[in-house]
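Below, chains carry the letters A, B, ... as their sequence lines are ordered, and counting in each starts from 1.
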There are 2 protein chains.
Amino acid sequence: MQNKDDISKKPLTPAMEDYLEAIFNLGKEKRVVRVKDIAKRLGVKMPTVTNMLKTLSKRELIDYEKYEYLELTEKGVDVGREIHRRHHILRGFLTDILNVDFKKADEEACKMEHAVSASTLDRFIEFMEFVQFCPRVGLDWLEYFDEYRLHGQEPDKCLARMKEFAGGFKVRIKTMEEVGGEK
Amino acid sequence: MQNKDDISKKPLTPAMEDYLEAIFNLGKEKRVVRVKDIAKRLGVKMPTVTNMLKTLSKRELIDYEKYEYLELTEKGVDVGREIHRRHHILRGFLTDILNVDFKKADEEACKMEHAVSASTLDRFIEFMEFVQFCPRVGLDWLEYFDEYRLHGQEPDKCLARMKEFAGGFKVRIKTMEEVGGEK
DNA sequence: GAACTATGTTTTGGGTGCCTAATTATCACT
DNA sequence: AGTGATAATTAGGCACCCAAAACATAGTTC
């Protein structure tokens with residue numbers, strides 16, 4: 001009893017999560033999931049996959065008999081979906097907010113998804129919702145960011161935009177020492 | 001010649017980067033850096049540190065003779081400073097933008113700092129600068145985000161705030177399917 | 001039904017990163 | 001100089017992740 005519980009309580013390693021995500025995604029793309037496909041998707045060799053499948057099977061995250069098809073268990077699906085969700089959210093943040101190109105965003109999201117806690121991930125979601133939701137920043141605000149990025153710090157431009165729909169008001173500009181810099 | 005080059009080209013592992021960052025920070029805090037201090041800082045045992053020091057020494061990232069003081073090489077300082085900078089920026093993003101509490105932000109920045117490329121990190125910096133810099137979103141905008149987080153989606157409030165300094169205007173609200181959601 | 005092909009598995013081994021236990025070096029003090 | 005406390009190292013082992021090579025299974029083709 002304690003033995004079984006111990007197994008299910010052990011935290012998953014990042015690699016396990018990657019495999020479950022890959023299997024989850026392949027399961028949605030194809031009729032059956034093959035060892036070969038998993039290997040290709042993750043850029044590893046087939047024996048490596050076989051090993052991991054045995055581990056995942058012991059953990060009751062997949063149903064798997066050798067030489068047979070494999071399927072995620074209910075628990076496995078939960079994990080796979082959660083990791084896929086993280087990936088999706090973080091990639092969305094990188095592409096939509098920070099304007100990172102898709103390929104790079106996809107790669108980095110794949111690493112970040114193991115570093116970020118559930119609660120912090122929620123903050124990412126709330127933040128992205130907020131950006132879209134609050135009229136003060138939503139709309140074409142992100143386009144301004146793009147301009148800012150590409151043409152350097154031009155407060156006049158940003159100010160001018162502001163004044164288009166608001167009266168003049170005081171601007172407080174913090175020094176950037178605390179944000180960026182090692183000097 | 002090829003041998004030596006190979007050594008310097010191999011990418012650093014996350015663990016190596018953590019050690020270099022720790023040594024870099026300790027070097028600024030104390031007169032000398034001890035194995036014991038590194039172990040305490042990173043939450044590992046002393047033999048583990050000794051092992052890693054040998055590795056880092058082979059890579060010419062530290063100068064180190066056993067039982068003697070250790071120092072970062074020029075190359076080691078560069079890496080240490082860069083990692084420290086990443087840590088600082090990402091933690092700043094988590095605390096200042098997403099409102100994650102310091103302790104958790106510090107922990108997660110420590111993992112994220114190995115996942116994010118230099119160029120993406122620059123986007124983080126630019127974004128944070130932009131938030132402070134552009135009067136349209138700077139100022140007390142982040143306080144609005146906090147309210148939004150804590151009291152749920154209340155477009156009226158956000159709209160009301162907006163109207164305080166701008167005339168009424170149309171609001172476009174995107175569905176969140178693409179941002180959050182697995183359903 | 002024998003050879004061929006695609007796919008999956010086992011065996012063996014390497015690299016990293018961590019640990020414990022036992023050993024050795026260093027320093028301060030009398 | 002000798003002794004004890006502190007610091008650092010060596011030795012040995014475990015978990016995780018990967019890969020090359022040899023072997024196993026099933027299906028196809030002639």
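- Less than 4.0 Å separates DNA chain C from at least one heavy atom of each of the following residues of residues 47-55 of chain B: Pro47(B), Thr48(B), Asn51(B), Met52(B).
- The heavy-atom pair separating Leu94(A) from Met112(A) by the smallest distance is CD1-SD, 4.1 Å.
- Evaluation of the side-chain contact (heavy atoms from CB on, under 4.5 Å) rule for Asp78(A) yields Arg81(A) as partners, not counting sequence neighbours.
- Phosphate proximity of dG8(C) to Tyr64(A): absent, as no side-chain N or O sits under 4.0 Å from OP1 or OP2.
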Pair up each side-chain donor or acceptor in residues 43-53 of chain A with any protein partner under 3.5 Å, not counting sequence neighbours, and list the distances.
{"residue": "Thr50(A)", "atom": "OG1", "partner": "Met46(A)", "partner atom": "O", "Å": "3.3"}

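- Using bins of under 30°, 30° to 60° and over 60° for the plane-to-plane angle, the ring pair Phe93(B)/Phe124(A) lands in the tilted bin.
- Between the CD atom of Glu65(B) and the P atom of dA8(D) there is a distance of 15 Å, given to the nearest Å.
- Residue Tyr67(A) is found outside any hydrophobic cluster, as its side-chain heavy atoms come under 4.5 Å of no other Ile, Leu, Val, Met, Phe, Trp or Tyr.
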Please lay out, stage by stage, how Leu56(A) and Leu70(A) fare under the test side chain to side chain contact (heavy atoms under 4.5 Å, CB included). CA-CA 11 Å; Leu56(A) 295 176; Leu70(A) 70 97; over 6 Å; no
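- For Glu82(B), the salt bridge (charged side-chain N to carboxylate O under 4.0 Å, His left out) partners at least two apart in sequence or on another chain are Arg85(B), Arg86(B).
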Side chains of residues 100-109 of chain B: which donor-acceptor pairs under 3.5 Å do they make with residues two or more places apart or in other chains?
{"residue": "Asp101(B)", "atom": "OD1", "partner": "Lys103(B)", "partner atom": "N", "Å": "3.4"}
{"residue": "Asp101(B)", "atom": "OD1", "partner": "Lys104(B)", "partner atom": "N", "Å": "3.4"}
{"residue": "Lys103(B)", "atom": "NZ", "partner": "Glu107(B)", "partner atom": "OE2", "Å": "3.2"}
{"residue": "Lys104(B)", "atom": "NZ", "partner": "Ser119(A)", "partner atom": "OG", "Å": "2.8"}
{"residue": "Asp106(B)", "atom": "OD1", "partner": "His87(B)", "partner atom": "NE2", "Å": "2.7"}
{"residue": "Asp106(B)", "atom": "OD1", "partner": "Arg91(B)", "partner atom": "NH1", "Å": "2.8"}
{"residue": "Glu108(B)", "atom": "OE1", "partner": "Ser117(A)", "partner atom": "N", "Å": "3.4"}
{"residue": "Glu108(B)", "atom": "OE1", "partner": "Thr120(A)", "partner atom": "OG1", "Å": "2.8"}
{"residue": "Glu108(B)", "atom": "OE2", "partner": "Ser117(A)", "partner atom": "N", "Å": "3.4"}
{"residue": "Glu108(B)", "atom": "OE2", "partner": "Ser117(A)", "partner atom": "OG", "Å": "2.6"}
{"residue": "Glu108(B)", "atom": "OE2", "partner": "Thr120(A)", "partner atom": "OG1", "Å": "3.3"}

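- Contact between Glu60(B) and Lys75(B) at its shortest, heavy atoms only, is O-CE, 3.7 Å.
- Remark: Val44(A), Lys45(A) in residues 33-46 of chain A come within less than 4.0 Å of DNA chain D through at least one heavy atom.
- Other residues sharing the hydrophobic cluster of Tyr69(A), ordered by chain and number and joined by side-chain separations under 4.5 Å: Val32(A).
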Sort me out a list of protein N/O and nucleotides 26-28 of chain D N/O pairs below 3.5 Å, or just none if empty.
none

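- To the nearest angstrom, C1' of dT26(C) lies 16 Å from CG of Leu70(B).
- The rotation axes computed at either terminus of the helix from dG1(C)-dC30(D) to dT30(C)-dA1(D) lie 20° apart, taking five pairs at each end and rounding to 10 degrees.
- For the pair Asp18(B)/His114(B), a side-chain contact is recorded, criterion being any heavy-atom separation below 4.5 Å from C-beta on.
- One finds no side-chain N or O of Lys66(B) lying less than 4.0 angstrom from the OP1 or OP2 phosphate oxygen of dT24(C).
- Under the salt bridge (charged side-chain N to carboxylate O under 4.0 Å, His left out) criterion, Glu29(B) pairs with Arg41(B), sequence neighbours left out.
- Within residues 13-21 of chain A, no residue approaches DNA chain C, by heavy-atom distance under 4.0 Å.
- Taking the six-membered ring where the residue is Trp, Phe127(B) and Phe127(A) present perpendicular rings, their angle passing 60° and hence far from 30°.
- Judged by distance alone, with hydrogens and angles left aside, the side-chain atoms of Thr73(A) form a donor-acceptor pair with the main-chain N or O of Leu61(A) at under 3.5 Å.
- One distance of note links CD of Glu113(B) with CD1 of Ile83(B); it measures 6.0 Å at 0.5 Å rounding.
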